[in-house]
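Notes follow once the structure below has been shown.
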Amino acid sequence: MANLDIKTLENWLWEAACKIRGEIDAPKYKEYILPLIFIKRLSDVFDDEVERLAQEFGDRETALQIIEADHSYVKFYIPEIAKWENIKNTLFTVLVCI
């Protein structure tokens with residue numbers, strides 16, 4: 001497989017983003033995408049915290065129960081409904097219905 005240079009990769013990613021966003025102007029599109037990227041990052045950091053506590057307390061379920069009871073064990077708390085997996089599944093469901 002040939003190596004991609006940075007310019008080729010940037011062009012390829014830009015074209016892919018344009019196909020995904022469709023008729024929405026690029027500046028307007030960021031209003032939708034940036035919050036999703038932010039939520040995804042928060043969820044990843046929260047999951048890392050849960051995994052750290054799972055190692056300390058024995059398993060993930062126990063760690064989640066402890067976090068639920070006392071949010072001070074983590075940098076920030078994300079309720080189940082606001083976790084990336086739930087948001088992603090909701091977005092997928094909405095897109096399928098459209």
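Sequence positions, counted from 1, serve as the residue numbers for this chain.
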Q. Is a side-chain N or O of Asn89 found less than 3.5 angstrom from the main chain of Glu85, in a donor-acceptor match?
A. yes
Q | Arg52: side chain to side chain donor-acceptor pair (under 3.5 Å) partners, not counting sequence neighbours | A | Glu49
Q) Is it true that atom CD1 of Ile81 has more than 12 heavy atoms of other residues, nucleotides or ligands lying nearer than 6.0 Å? A) no
**Q.** Nearest atoms (heavy-atom pairs only) where Ala82 meets Ser43
**A.** O-OG, 4.3 Å
Q) Taking all non-hydrogen atoms of both residues, which atom of His71 and which atom of Ile67 are closest, and how far apart? A) ND1-O, 3.0 Å
Q.
Please determine whether residues Val45 and Leu64 belong to a single hydrophobic cluster, defined as Ile, Leu, Val, Met, Phe, Trp and Tyr linked transitively by side-chain heavy-atom distances below 4.5 Å.
A. yes
**Q.** For Glu80, all residues meeting side chain to side chain donor-acceptor pair (under 3.5 Å), sequence neighbours excluded
**A.** Lys83
Q.
Could you measure the distance from the CG atom of Asn11 to the CD1 atom of Ile6? Nearest 0.5 Å is fine.
A. 11.5 Å
Q.
Does Leu13 have more than 12 heavy atoms from other residues, nucleotides or ligands lying within 6.0 Å of its CG?
A. yes
(Q) Using side-chain heavy atoms (C-beta onward) and a distance below 4.5 Å, is Ile66 in contact with Leu53? (A) no
Q. Crowded around Phe38 CZ? As in, over 12 foreign heavy atoms under 6.0 Å?
A. no
Q. Are the side chain of Thr62 and the backbone of Gly58 linked by a donor-acceptor contact shorter than 3.5 Å?
A. no
Q.
Is it true that Thr8 and Asp5 share a donor-acceptor pair across their side chains at a distance under 3.5 Å?
A. yes
Q. Should the pair Phe57 and Tyr73 be assigned to parallel (<30°), tilted (30 to 60°) or perpendicular (>60°) ring geometry?
A. perpendicular
Q. Of all heavy-atom pairs between Ile87 and Leu36, which one has the smallest distance, and what is that distance?
A. CG2-CD2, 4.4 Å
Q: Answer yes or no: is there a side-chain heavy-atom contact under 4.5 Å between Asp44 and Trp84?
A: no
**Q.** Shortest non-hydrogen contact from Ala63 toward Val50
**A.** CB-O, 3.8 Å
Q) Heavy atoms, side chains only, cut-off 4.5 Å: are Arg60 and Asp47 in contact? A) yes
